[in-house]
Amino acid sequence: MAVEGARDDERGPHDRSASLVPFERGAEGAAPHAGGPVPPDGTPPGPGPRSGGAARRVGARTQRYVRALTERVIELAPRVPVRDVETLHRQFPGLSTEELADRLVAGATRSAAAVGAGVGGAAMLPVPPALPAELTAEIVGVAGVELKLIAELHEVYGRRAPGNVRERAAAYLSAWASERGIEVTRPATLSAAMNGELRRRLRRQITKRTLRTLPNLAPFLIGAAAGAVLNRRDTARLAERVRADLRAGATGPHSG
């Protein structure tokens, strides 16, 4: 099931969460072929031609899935609603830079946990939904939460990415893929072109997230609990890395 409305009270009264876009994923590969005679040295035979072909097909389908999911995240990035620093201080008056950043991180970790719990809990259903759709819903959903968090942390610390919406989205995608704050003084890090290098880094990040997300789909309540805990931890860790970079060069008028 697609998890919708994953938000929290810290997101502000007019904020909307990013949409979660389902996508299909390839089936799991077959076990290696176990037939054939045992060699004289007693070692089992290696995969035969049939199993090798199956492995290649699974690998190709997995690569296609990751590429397609990468494009989904790229399409999502410019549509993530981001509040500027003035709006944030109007919604949360009287907070210093660090207090406001803490509030944003707390809200984002709760949203990420809610996405993980909702997707993991789907495995409890008598007829569970298709795993590819659930896996995609979680990865894209958490990506939307974290991209919003990264963008708003840059606003809070006075390090907003330059350019138009798509150029800023490219910069924040780069920050999400590398789990670091952007360097506004280095134009090479802010290229709006979705070049091959950025796509490769995004694919690596999405592959890593996919492997971490699989335990969330375990049966019963284990998946829901794992999804909430792992997503909360990963989002908090990402936020701390980005904030460490932003603190080092914060120039915003509200720093304190």
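By convention here, the first residue in the shown sequence is residue 1.
The heavy-atom pair separating Pro162 from Arg168 by the smallest distance is O-CG, 3.6 Å. Considering all non-hydrogen atoms of both residues, Tyr172 and Ala161 come closest at OH-N, 3.0 Å. Smallest separation of non-hydrogen atoms from Ala101 and Leu153: CB-CD2, 3.8 Å. Here the shortest heavy-atom pairing between Val156 and Leu100 reads CG2-CD2, 3.7 Å. Nearest approach of Asp245 to Gly181, heavy atoms of both residues: OD2-N, 2.9 Å. Closest approach of Ala170 to Leu198, counting heavy atoms only: O-CD2, 4.2 Å.
Residues satisfying the side chain to side chain contact (heavy atoms under 4.5 Å, CB included) criterion with Asp84, sequence neighbours excluded, are Glu86, Thr87, Glu155. Qualifying side chain to side chain donor-acceptor pair (under 3.5 Å) partners for Arg243, counting only residues two or more places apart in sequence or in other chains: Glu98, Asp102, Tyr157. Applying the salt bridge (Lys or Arg N to Asp or Glu O under 4.0 Å) rule to Glu99 yields no partners; only residues at least two apart in sequence or on another chain are considered. With sequence neighbours left out, Arg241 forms a side chain to side chain donor-acceptor pair (under 3.5 Å) with Glu179. Taking Glu71 as the reference, Ile74, Arg199 meet the side chain to side chain contact (heavy atoms under 4.5 Å, CB included) condition, with sequence neighbours excluded. Contacts of Arg237 classified as salt bridge (Lys or Arg N to Asp or Glu O under 4.0 Å), with partners at least two apart in sequence or in another chain: Asp234.
Looking at heavy atoms from C-beta onward, Ile182 lies out of side-chain contact with Arg159 at the 4.5 angstrom threshold. Counting heavy atoms from C-beta outward, Asn231 and Glu138 have side chains that approach closer than 4.5 Å. Side-chain contact between Leu149 and Val145 is absent, with no heavy atoms from C-beta onward closer than 4.5 Å. Arg83 is listed as a side-chain neighbour of Leu104, based on a closest heavy-atom distance under 4.5 Å. The shortest distance between side-chain heavy atoms of Ile150 and Leu238 falls below 4.5 Å. Contact of the Gln205 side chain with the Thr70 side chain is not registered, since no non-hydrogen atoms from C-beta on lie closer than 4.5 Å. Side-chain contact between Asn164 and Glu167: present, with at least one pair of heavy atoms (C-beta onward) separated by less than 4.5 Å. In this structure, the side chains of Arg103 and Gln91 stay at 4.5 Å or more apart for every pair of heavy atoms.
No donor-acceptor distance shorter than 3.5 angstrom exists from the side chain of Glu75 to the backbone of Arg72, with no hydrogens or angles considered. Looking at Thr235, its side chain never comes within 3.5 Å of a backbone N or O of Arg232 through a donor-acceptor pair.
Classification of Arg200 and Glu197 as a salt-bridged pair holds, one side-chain N sitting under 4.0 Å from a carboxylate O.
Trp176 is not connected to Val165 by any chain of hydrophobic side-chain contacts under 4.5 Å among Ile, Leu, Val, Met, Phe, Trp and Tyr, and they are in different clusters.
Here Arg180 contributes atom CZ and Leu246 contributes atom CG; the two are 10.0 Å apart, rounded to the nearest 0.5 Å. Here Gln63 contributes atom CD and Thr207 contributes atom OG1; the two are 9.0 Å apart, rounded to the nearest 0.5 Å.
Within 6.0 Å of the CZ atom in Arg203, the count of heavy atoms belonging to other residues, nucleotides or ligands exceeds 12.
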